[in-house]
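Numbering starts at 1 and runs along the sequence shown. Atom set for the values below is all heavy atoms of this structure, side chains included, hydrogens, waters and symmetry mates excluded.
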Amino acid sequence: MVDATTRFFEDLDRRGFEPLLEKISGTLRFDLHEDAQTTHWLIQVDRGRIRVSREDRDADTVVWTSPALFEQMAAGREDGIAALLRGDMTVTGDARLVVQIERLFPGPPDSRGPRRLFAREAG
């Protein structure tokens, strides 16, 4: 069974183009830390064109969080901006990229609107 984190990044990569991101370009790396292990996910956006890889390379923005928290975000059970404000995530670089990418996460399971509709289609 594929976890919500892997499914989120694989689905994002398969899209190839995301209209919500057509006005931005940059790189965002998520570093998911647990004990001595770090998993890297790199998102490259070029005016809406998206490429996702597992590369550990320099990025415009780097987000550090736990795999458990990211799993909750990818499943729509946690809000990334709220986690950032609580200090459960750390961001260096261009925080605007985090705000833009956060719009692509599914909303809570009981929510209504575009985010919830996308989560149903992707799931």
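Under a 3.5 Å cut-off, the side chain of D46 and the backbone N or O of R49 do not form any donor-acceptor pair. Between the side chain of D88 and the main chain of A83, no donor-acceptor pair closer than 3.5 Å is present.
Taking the six-membered ring for Trp and thresholds of 30 and 60 degrees, F105 and F8 have nearly parallel ring planes, at less than 30 degrees apart.
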Requested in this report: List the steps, then state whether side chain to side chain contact (heavy atoms under 4.5 Å, CB included) holds for Q100 with L21.
Outcome: CA-CA 7 Å; Q100 295 298 319; L21 304 178; 4.0 Å; yes
Report task. Could you check F70 against D3 for side chain to side chain contact (heavy atoms under 4.5 Å, CB included), going step by step and ending with a plain yes or no? Result -> CA-CA 11 Å; F70 195 91; D3 61 7; over 6 Å; no
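The closest side-chain heavy-atom distance from T90 to V63 is not below 4.5 Å. The shortest side-chain heavy-atom distance between I43 and L12 falls under the 4.5 Å cut-off. Counting heavy atoms from C-beta on, the side chains of E22 and F17 come closer than 4.5 Å.
Between the side chains of Q44 and T27, not a single donor N or O lies within less than 3.5 Å of an accepting N or O.
Two different hydrophobic clusters hold L42 and V91 under the rule that ILVMFWY side chains link at heavy-atom gaps under 4.5 Å. A continuous path of Ile, Leu, Val, Met, Phe, Trp and Tyr side chains, each step under 4.5 Å between heavy atoms, connects M73 with V45, placing both in one hydrophobic cluster.
The shortest non-hydrogen separation linking S66 to L69 is OG-N, 3.0 Å. Smallest separation of non-hydrogen atoms from A74 and A4: CB-O, 3.5 Å.
Residues forming a side-chain contact (heavy atoms from CB on, under 4.5 Å) with L20 (at least two apart in sequence, or on another chain): E18, R103, L104. Contacts of R96 classified as side-chain contact (heavy atoms from CB on, under 4.5 Å), with partners at least two apart in sequence or in another chain: D94.
Checking E10, Q72, E71 one by one against T5, the side chain to side chain donor-acceptor pair (under 3.5 Å) holds for a single residue, E71.
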Would you list the atom pairs, donor with acceptor, under 3.5 Å between side chains in residues 28-36 and any protein atom, with sequence neighbours excluded?
{"from": "R29", "atom 1": "NE", "to": "D31", "atom 2": "OD1", "distance (Å)": "2.8"}
{"from": "R29", "atom 1": "NE", "to": "D31", "atom 2": "OD2", "distance (Å)": "3.4"}
{"from": "R29", "atom 1": "NH1", "to": "R57", "atom 2": "O", "distance (Å)": "2.6"}
{"from": "R29", "atom 1": "NH2", "to": "D31", "atom 2": "OD2", "distance (Å)": "2.9"}
{"from": "D31", "atom 1": "OD1", "to": "H40", "atom 2": "ND1", "distance (Å)": "2.7"}
{"from": "D31", "atom 1": "OD2", "to": "W64", "atom 2": "NE1", "distance (Å)": "3.3"}
{"from": "H33", "atom 1": "ND1", "to": "T38", "atom 2": "OG1", "distance (Å)": "2.8"}
{"from": "H33", "atom 1": "NE2", "to": "W64", "atom 2": "NE1", "distance (Å)": "3.3"}

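For the atom pair F9 CZ and T39 OG1, the distance stands at 10.0 Å (nearest 0.5 Å).
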